[in-house]
Q: 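Shown below is the structure under consideration.
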Amino acid sequence: MLEGLNHLTLAVSQLDRSIEFYRNTLGLTLNARWDTGAYLSLRDLWLCLSWDEHRNTAPHPEYTHYAFTVTQAGFSPAVAHLKACGVEEWRQNRSEGASFYFLDPDGHKLEIHAGDLRSRLQACRQTPYAGMEILT
């Protein structure tokens with residue numbers, strides 16, 4: 001029935017600032033913009049930024065976040081770039097694969113990660129989480 005993730009929409013408090021961040025800091029392509037929104041892309045990812053008067057910039061206290069893929073070779077340069085751009089780190093990596101957790105200007109929790117589901121499951125086969133059952 002489902003074929004994949006179609007798009008991701010993030011509510012933002014300052015559209016121009018968010019476009020700048022996703023375009024210039026993270027390298028997404030700006031495809032369209034209008035008074036209250038913008039469409040950006042990164043390979044198959046379609047990202048919509050939507051101005052929302054109710055969005056504040058404080059990160060939510062829970063773990064929900066959005067992870068972007070980087071290669072292992074590209075991980076350290078990507079982290080260096082993000083730190084040079086002044087992003088705020090919100091968590092230290094505690095799992096398999098190289099990860100860097102950071103906030104966007106509106107407090108959305110983001111991550112860059114070198115790894116995939118296959119490598120995560122392989123690590124979990126060796127050291128499973130409490131109560132974990134691997135089904136594939």
Side-chain angles (χ1 to χ4, degrees):
M1 183 161 104
L2 299 180
E3 295 185 18
L5 181 64
N6 186 278
H7 68 278
L8 178 62
T9 298
L10 299 178
V12 300
S13 62
Q14 295 179 33
L15 183 61
D16 288 338
R17 178 184 68 178
S18 293
I19 290 171
E20 158 81 15
F21 177 81
Y22 282 93
R23 185 179 186 189
N24 297 334
T25 302
L26 298 187
L28 277 72
T29 300
L30 180 63
N31 301 105
R33 68 168 295 152
W34 58 98
D35 291 346
T36 60
Y39 292 146
L40 296 100
S41 61
L42 178 66
R43 296 191 184 203
D44 291 336
L45 172 64
W46 166 19
L47 177 68
C48 175
L49 300 177
S50 181
W51 177 79
D52 187 326
E53 65 184 286
H54 301 290
R55 177 67 199 181
N56 66 45
T57 58
H60 292 282
E62 36 71 29
Y63 185 61
T64 299
H65 66 280
Y66 312 102
F68 296 92
T69 300
V70 294
T71 64
Q72 188 62 46
F75 180 78
S76 292
V79 171
H81 169 76
L82 291 170
K83 287 182 175 181
C85 290
V87 301
E88 181 182 342
E89 187 173 0
W90 64 272
R91 179 185 176 104
Q92 294 291 314
N93 185 26
R94 300 180 199 148
S95 59
E96 169 276 332
S99 289
F100 179 70
Y101 298 86
F102 61 100
L103 300 175
D104 83 352
D106 280 286
H108 293 108
K109 294 177 177 178
L110 306 175
E111 172 189 0
I112 58 171
H113 181 77
D116 57 18
L117 179 58
R118 185 176 321 150
S119 62
R120 177 63 52 87
L121 290 175
Q122 181 60 35
C124 288
R125 283 183 180 92
Q126 295 173 17
T127 310
Y129 306 144
M132 182 177 222
E133 178 182 3
I134 298 175
L135 304 171
T136 58

Q: Under 3.5 Å, is there a donor-acceptor pair between the side chain of R120 and the main chain of E96?
A: yes

Q: Give the minimum heavy-atom separation between G115 and S119, together with the two atoms involved.
A: CA-OG, 3.6 Å

Q: Counting neighbours of CD on E88 that are heavy atoms of other residues, nucleotides or ligands and sit closer than 6.0 Å, is the number greater than 12?
A: no

Q: Taking the side chain as everything from C-beta on, heavy atoms only, tell me whether D106 gets closer than 4.5 Å to L10.
A: no

Q: Taking atom CD of Q92 as the centre, report whether more than 12 heavy atoms of other residues, nucleotides or ligands fall under 6.0 Å from it.
A: no

Q: Where is the tightest heavy-atom contact between R91 and R94, given as atom of each residue plus distance?
A: NH2-NH1, 3.1 Å

Q: Going by salt bridge (charged side-chain N to carboxylate O under 4.0 Å, His left out), name the pairs with one or both residues in residues 22-48, residues two or more places apart or in two chains.
A: D16-R33

Q: Tell me whether the centres of the aromatic rings in Y39 and W34 are closer together than 6.0 Å.
A: yes

Q: Any side-chain heavy-atom pair from D116 and T69 closer than 4.5 angstrom?
A: no

Q: Check for a donor-acceptor pair, side chain of W46 on one end and backbone N or O of L5 on the other, with a separation under 3.5 Å.
A: no

Q: If I compare all heavy atoms of W90 with all of L110, which pair ends up nearest, and what's the gap?
A: NE1-O, 3.1 Å

Q: To the nearest 0.5 Å, what is the distance between OG (S99) and NE2 (H65)?
A: 7.0 Å

Q: To the nearest 0.5 Å, tell me how far N6 CG sits from C48 SG.
A: 11.0 Å

Q: Taking the side chain as everything from C-beta on, heavy atoms only, tell me whether L49 gets closer than 4.5 Å to Y22.
A: yes

Q: Side chain of S18, backbone of L15: donor and acceptor closer than 3.5 Å?
A: no

Q: Counting C-beta onward and ignoring hydrogens, is there a side-chain heavy-atom pair between I112 and L82 closer than 4.5 Å?
A: yes

Q: Just say parallel, tilted or perpendicular for the rings of F102 and F21, cut-offs at 30° and 60°.
A: tilted

Q: Testing the basics here: between P105 and T57, what is the closest heavy-atom pair and its distance to 0.1 Å?
A: O-CG2, 3.6 Å

Q: Got a second to check how far E20's CD is from T25's OG1, nearest 0.5 Å?
A: 6.0 Å

Q: Find out if a path of hydrophobic residues (ILVMFWY) with successive side-chain heavy-atom gaps under 4.5 Å connects L8 to I19.
A: yes

Q: H54: what forms a ring-ring contact (aromatic ring centres under 6.0 Å, His included) with it, not counting sequence neighbours?
A: none

Q: Hey, does L42 have a side-chain heavy atom less than 4.5 Å from the side chain of T29?
A: no

Q: Treating K109 as the side-chain partner and D104 as the backbone partner, does any N or O pair qualify as donor plus acceptor under 3.5 Å?
A: no

Q: When you look at V12 and R17, which way does the side chain to side chain contact (heavy atoms under 4.5 Å, CB included) test go after all the steps?
A: CA-CA 9 Å; V12 300; R17 178 184 68 178; over 6 Å; no

Q: If I take atom OH from residue Y101 and atom CD from residue E89, how far apart are they, to the nearest 0.5 angstrom?
A: 10.0 Å

Q: What pairs of residues pass the side chain to side chain donor-acceptor pair (under 3.5 Å) test when at least one of them lies in residues 121-133, not counting sequence neighbours?
A: none

Q: Do the ring centers of H113 and F68 come within less than 6.0 Å of each other?
A: no

Q: I need the minimum non-hydrogen distance between R55 and G107, along with the two atoms involved.
A: NH2-C, 3.7 Å

Q: Just wondering, do I134 and M132 contact through their side chains at under 4.5 Å, heavy atoms?
A: yes

Q: Is the side chain of H108 donor-acceptor paired with the backbone N or O of A11 at a distance under 3.5 Å, no angle test?
A: yes

Q: Counting C-beta onward and ignoring hydrogens, is there a side-chain heavy-atom pair between L30 and L28 closer than 4.5 Å?
A: no

